[in-house]
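As the structure is a computational prediction, the values presented were derived from the model and not from experiment.
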Protein chains: 2
Amino acid sequence: MYEIFQKYLDEKTTLTKTESELIQSYAIIKKLRKRQYLLQEGDIWKYNAFITRGCLRTYSVDEKGTEHVNSFSIENWWTGDRESLMFQQPSRFNIDAIEDSELILFTQDNFELLCREIPAFNNMVNAILQKSFIAAQNRIQASLSFTAEEKYLNFISKYPGFASRIPQTMIASYLGMTPETLSRIRKQTAKK
Amino acid sequence: MYEIFQKYLDEKTTLTKTESELIQSYAIIKKLRKRQYLLQEGDIWKYNAFITRGCLRTYSVDEKGTEHVNSFSIENWWTGDRESLMFQQPSRFNIDAIEDSELILFTQDNFELLCREIPAFNNMVNAILQKSFIAAQNRIQASLSFTAEEKYLNFISKYPGFASRIPQTMIASYLGMTPETLSRIRKQTAKK
DNA sequence: GTAAAAACTTGATCTAGATCAAGTGTTTTG
DNA sequence: CAAAACACTTGATCTAGATCAAGTTTTTAC
C-alpha cells in the first residue's frame, strides 16, 4: 500500500531518490478493522498518520456520554491529535475506523527528522497545515452562521461522497445536530 | 513600536544580528484608529500582520446583515485572512480595530522570503500555525458540545482579560449566541 | 439464513435560546 | 455639555431543534 503514499508525495512535492527512500525507511504500515481504535481517550498520541485506504473518525465523549464527532478522514488525508502530539498530553479524543482501513505512520521523532532533512517535505507539511487551518476556520464560520439545513447542504457540497460512506448518526454529530433532525432535513431536501 | 515585535521574536526564537536586521528591514508599521478597517470583505489580503498594541476583530456578515465574529486578536498575536492570502481570493471577512491599535505588516512575498532565508523564523511561524490550528479545533469542540453558559465560562477562563476590553455584543457573536442570552448568563453566573 | 443489534424514520411533546419590545446606562461627537 | 448613537438589561413570547417514544429497515455475526 506504500505506492499510494508515494503517489501522493509525487503529486505534492518533488523529491530525490535518496529523499524518497529515507521517507519510506521510516514508514510504519498499520491496518485497522472497522470499529478498531487508532487512538483512545487518555492515550498520548505519538505519530503522524496518513490514510492510504478507508475512513476514520475523530470524536470526543462528554460527561453525559454523548459522542461529538470532530472530524472524518479518508484516504489521502492525514489524521491524529495534534494537541496530544505537540504537548505530549493525554488525548481528549478517540479515533476509530468507520471502514477497514490502512495507514502509514511516522513517529514524531522520525517525522521531525524528515522535516529537518528534507525542506521540500517540510514545505509540503506546512501547506497541509495551512489548509487544515483554513478548513477549521470555515467550519467555525458555518457553525456560527448556518441553520441546520444549511450546515447539511454545505457539508454534502463540500464533501460529496462522504454522505454515502458515513452513517447519518455520525454526520449529524459532526454537524452539531441530532440524528432525528438530520433525518427530517434529508426528507425535506429530497422533495425539492 | 518595533521593539515589542523584536522582544516577541527574541522570546520565540534565536536569530543572528543580520537575520534580525533583515526582518526589520521588511517591517511596515501601521496604525489603526478604533473602528478603522484593516481588511474589508471583497478585498484580497496581502500581508502577515502582527499586533504590537490594541485589539482587532475578524467577522463576516451574512445575507440577513447579521455579523458573526470569527476571532479576536490582541497585542502579541497575529491576524489576517489566511484563505484570502493563500488563494489570492476576495475575503469573506472584515477585520477592524476594537481599540486604537498598532501593527507590523509584512507583504506575503517578503514574508515567504524570510521563511526561506531564516529557518528559525520558518520554524517559529509553523509553531504558531500549529497552535492556531489546535485552538480552532478546540473551538469547534466547544461549539459542538457546550451549552451557552459553558461556552461563556470556557471563554472567560481561556481568555481572561478579553471580557473587560471587548463589548459584550461582540463576545456574544463570537460565542454564537444573542447579546440578550449572554446578558442573562452573566447575571446568573454573577449570583453564584 | 436467521436472530440480534444497529441505523434510520416518523410523530408528539418539550425547551434552550431567539426574537421582539421597551426600557436604562454609557460613550461619542459636534 | 447636550443629544445622538451605542451598549446593556429585563420581560414576554416564539421557534428551531432536542428529546422521548415507537415503529421499520439494514447490517452484522454466529
Side-chain angles (χ1 to χ4, degrees), chain A residues 32-36 54-55 57 59 61-69 72 96-101 142-156 162-191, chain B residues 32-36 54-55 57 59 61-69 72 96-101 142-156 162-191:
Chain A
L32 284 181
R33 282 287 176 72
K34 188 171 175 173
R35 305 244 161 113
Q36 201 181 328
C55 182
R57 98 215 223 240
Y59 66 99
V61 182
D62 68 22
E63 333 76 62
K64 283 161 234 141
T66 311
E67 293 179 359
H68 300 280
V69 175
F72 300 114
D96 66 8
I98 295 177
E99 305 167 355
D100 291 353
S101 302
S143 91
L144 289 176
S145 55
F146 287 176
T147 62
E149 182 176 358
E150 287 167 343
K151 283 176 197 171
Y152 174 67
L153 294 175
N154 179 54
F155 175 78
I156 54 170
F162 273 41
S164 59
R165 52 200 286 203
I166 299 170
Q168 268 184 53
T169 322
M170 293 182 190
I171 294 173
S173 168
Y174 175 86
L175 297 174
M177 64 187 74
T178 59
E180 292 95 330
T181 295
L182 182 55
S183 175
R184 283 183 252 261
I185 285 169
R186 283 170 55 98
K187 194 184 173 189
Q188 261 179 266
T189 57
K191 262 190 268 174
Chain B
L32 283 182
R33 283 287 176 71
K34 187 171 175 172
R35 304 243 162 115
Q36 202 180 327
C55 182
R57 96 215 225 246
Y59 66 99
V61 181
D62 68 22
E63 333 76 63
K64 282 161 232 141
T66 312
E67 294 180 358
H68 300 280
V69 175
F72 300 114
D96 65 8
I98 294 176
E99 305 167 356
D100 290 353
S101 302
S143 92
L144 287 177
S145 55
F146 288 177
T147 62
E149 182 176 0
E150 287 167 343
K151 282 176 197 172
Y152 175 65
L153 295 174
N154 179 55
F155 176 78
I156 55 171
F162 272 41
S164 59
R165 50 201 286 205
I166 299 170
Q168 269 185 51
T169 321
M170 292 181 191
I171 295 174
S173 169
Y174 175 86
L175 296 174
M177 63 186 76
T178 59
E180 292 95 329
T181 295
L182 182 54
S183 175
R184 284 183 252 261
I185 285 170
R186 282 171 56 97
K187 194 185 172 190
Q188 262 179 266
T189 57
K191 263 192 267 175

To the nearest Å, give me how far apart CZ (B:F146) and P (C:dA16) are.
18 Å
Side-chain N,O (A:T181) to OP1/OP2 (D:dA18) below 4.0 Å
yes
Figure out the CZ/C1' separation between B:R165 and D:dA7, and round it to whole Å.
19 Å
I need the CD-C1' distance between A:E149 and D:dT15, as an integer number of Å.
16 Å
Within the pair B:Q168 and D:dT9, is there a side-chain N or O less than 4.0 Å away from OP1 or OP2?
yes
note: B:K64, atom NZ; C:dC20, atom C1'; distance rounded to Å ~ 16 Å
Any N or O donor-acceptor pair linking the side chain of B:R33 to the base of C:dT28 at under 3.5 Å?
no
Choosing from D:dT10, C:dG17, D:dG17, which nucleotide comes nearest the side chain of A:T147?
D:dG17
Side-chain-base donor-acceptor pair under 3.5 Å for B:R184 and C:dT19
yes
Which part of the nucleic acid, if any, lies within contact of A:K34, taking any heavy atom under 4.0 Å across all strands shown: a base, the sugar-phosphate backbone alone, or nothing?
sugar-phosphate
Specify the separation, in whole Å, of atom CG of B:L144 and atom C1' of D:dA18.
15 Å
Separation of D:dA16 atom P from A:Q188 atom CD, nearest Å, is 11 Å
For A:D62, does its backbone N or O pair with a side-chain atom of A:T66 as donor and acceptor, under 3.5 Å?
no
Check whether A:S143 reaches the backbone of B:L144 with its side chain - one donor and one acceptor, N or O, closer than 3.5 Å.
no
B:T178 side chain N/O closer than 4.0 Å to the phosphate oxygens (OP1, OP2) of C:dA18?
yes
From CE of A:M177 across to C1' of C:dG17 the rounded distance in Å is 17 Å
Position toward the 5' end of DNA chain D (nearest nucleotide), B:E180 or B:M170
B:M170
Please state how far atom OH in A:Y152 lies from atom P in C:dC8, giving the value in whole angstrom units.
11 Å
Does the plane of the ring in A:Y174 sit parallel, tilted or perpendicular to the ring in A:F155? Use 30° and 60° as the thresholds.
tilted
Look at A:T169 and C:dC8 and indicate whether a side-chain polar atom (N or O) is within less than 4.0 Å of OP1 or OP2.
yes
Beyond-backbone contact of B:R57 with B:D96, side-chain heavy atoms, under 4.5 angstrom
yes
Hey, is the side chain of A:K187 poking within less than 4.0 Å of OP1 or OP2 on C:dT9, counting only N and O atoms?
no
Heavy-atom nearest nucleotide on DNA chain C taken for B:I185 and for B:R35; more 5' hit belongs to B:I185
If you count the non-hydrogen atoms of other residues, nucleotides and ligands that lie under 6.0 Å from CZ in B:R33, is the total more than 12?
no
